[in-house]
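Only one structure is covered here, and it is reproduced in the block below.
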There are 2 protein chains.
Amino acid sequence: MTAIDTTPVKSPDVDRSASAGPVRPRSGGRGRYAISEVAALTGLSAHTLRWYEQIGLMPEVERSHAGQRRFGEHDLEWLACLGKLRLTGMPIAVMVRFAELVRRGEETFDERREILERTRHEVLARIAELQGTLDVLETKIDFYAGARRASEGA
Amino acid sequence: MTAIDTTPVKSPDVDRSASAGPVRPRSGGRGRYAISEVAALTGLSAHTLRWYEQIGLMPEVERSHAGQRRFGEHDLEWLACLGKLRLTGMPIAVMVRFAELVRRGEETFDERREILERTRHEVLARIAELQGTLDVLETKIDFYAGARRASEGA
DNA sequence: TAGAACGCTCGAGTGCACTCGAAGCAAGCG
DNA sequence: CGCTTGCTTCGAGTGCACTCGAGCGTTCTA
C-alpha cells in the first residue's frame, strides 16, 4: 500500500522519439537505467532530467558508487505520469506541487484529487475551445477552396 | 471582392473580458475606435495591440490628425480572426505570415488555405492528445476517490 | 483653461520551460 | 596508458508572447 503513490498508470506508452537503436542496460542491475537511457526512452534531454530532479519533480534518483544517476522502473513510471500531466498543459509549478504531495504520502490523496480535477476541467475547457476554432477553420478553408473552384471552373 | 480578404467570420464573438462599463465611441466617426476601446472590446492590452501592429499582424491602422490610432470595423473583424487563430495555438510567426498573405491579396488564397489546413490538423492532433490525457486523469481521479471511500466507509 | 486621463515611441524586462556550455572527474575499451 | 564517452555542477542563454516603464505630447472634462 506504500508503493502505489504513483497511481499505477502501467501503460508503457513511453514516448520513444529521439531513441536511436535498442537501449541496452548500462550498469547491470535489474531496471537500473543511466540518464542517457532514460533520455532515449522518454524523449526528454539529460539536461531536462537533471533539471526535473533539481526542482523537485523527481523524488530523488538513486546514484551509482561513482555518484551517477541510476533510474529505476519506478522512476520511469513517474516520468510517464509527468509526461501525461505535461500534455495536459499543466504548468511545471503545479507538477512540482503534485510531486511534493506524492512524496508526503497517503494523507495528501484529497489534494492530489483536487489538482487532477481542476486539471480535468481545464482540459475539457481547452478541448471545447479547440472544437470552436475547428468550426471557424473549416468555414475559412471552405471559403478558400470555393474561391479556387470558382476561379478554375466556368 | 476586395474587402473580403478577412473571410467574413462576422460572428461578433469578441471577447468582452476586461471591459468595464459600456464602450462609448471616443472620436465620433462611424466605427472609429480608440486603442483603449479596442482593448476593452478584445481583451488585449493597448500595449499588445501596438505590438501586433509593429510586428505586422495588423494591416496598418489609421491615425487621427494627431497620430493616434483609430481602429475601424474592419480592424475589429481582423482582430477577432486573429483571436480565433491564437486559440488554435498557432504561433505568432505563422499569424504574421498569414497576415502578410492577406495583405498581398487573392493570389495567395492557396497558401492561406494550406496554412489553415495544417492548423486544422494540428488542432485535431491536440484534441486527440488532450482526450488521451483525460482518460489518464479520470483513472487517477477515480483511484483517489476510491481510496477516500475505502478509508471512510467500512 | 487647468489638470486629469489618455496615447505615442522606444527599448528593456518578465515568466515559462527548457537548453546549452564550461570545467572537471570517472568508466571502460583497445 | 591513452582516449572516448558520459557524467557531474553551476550558471548563463534561448524562444516565445507578451508586458512594462520612461518621457513626452494630446484630448477631454469641469
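Every chain is numbered from 1, with letters handed out A, B, ... down the list of sequences. Values below: every heavy atom of this structure, side chains too, minus hydrogens, waters and symmetry copies.
- Between the CD1 atom of A/Ile55 and the P atom of D/dG11 there is a distance of 16 Å, given to the nearest Å.
- The NE2 atom of B/His121 sits 7.5 Å away from the CG atom of B/Leu124 when rounded to the nearest 0.5 Å.
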In B/S/- notation (B base, S sugar-phosphate only, - none; protein heavy atoms under 4.0 Å), nucleotides 11-18 of chain C written 5' to 3' is ------SB
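- Ring planes of A/Tyr144 and B/Phe98: perpendicular class, angle over 60° (limits at 30 and 60°).
- Within 6.0 Å of CD on B/Glu60 lie no more than 12 heavy atoms contributed by other residues, nucleotides or ligands.
- Distance check: B/Lys140 NZ to B/Asp142 CG gives 12.0 Å after rounding to the nearest 0.5 Å.
- Look at CD on B/Glu53: it is 14 Å from P on C/dG7, rounded to the nearest Å.
- Distance NE2 (B/His65) to P (D/dG25): 16 Å, rounded to an integer number of Å.
- Phosphate contact (OP1/OP2 of C/dC8, side-chain N/O of B/Arg50, threshold under 4.0 Å): present.
- Nucleotide C/dC6 holds its P atom 19 Å from the OH atom of B/Tyr33, rounded to whole Å.
- For B/Gln68 and C/dG7, the CD to P distance is 7 Å, given to the nearest whole Å.
- For the salt bridge (charged side-chain N to carboxylate O under 4.0 Å, His left out) criterion with A/Glu62, the lone passing option out of A/Arg69, A/Arg70, A/Arg32 is A/Arg32.
- For B/Arg70 and C/dC8, the shortest distance from a side-chain N or O to OP1 or OP2 is not below 4.0 Å.
- Counting to the nearest Å, the P atom of C/dA27 and the CD1 atom of A/Ile35 are 17 Å from each other.
- Looking at the side chain of B/Arg69, the nearest of the listed nucleotides D/dT9, C/dC8, D/dT26 is C/dC8.
- Considering all non-hydrogen atoms of both residues, B/Val123 and A/Leu137 come closest at CG2-CD2, 4.2 Å.
- Between B/Phe71 atom CZ and C/dG7 atom P there is a gap of 10 Å when expressed in whole angstrom units.
- Counting only distance, with no hydrogens or angles, the side chain of B/Glu53 and the backbone of B/Arg50 share no donor-acceptor pair below 3.5 Å.
- In this structure, the CG atom of A/Leu49 is 14 Å from the C1' atom of D/dG6, given to the nearest Å.
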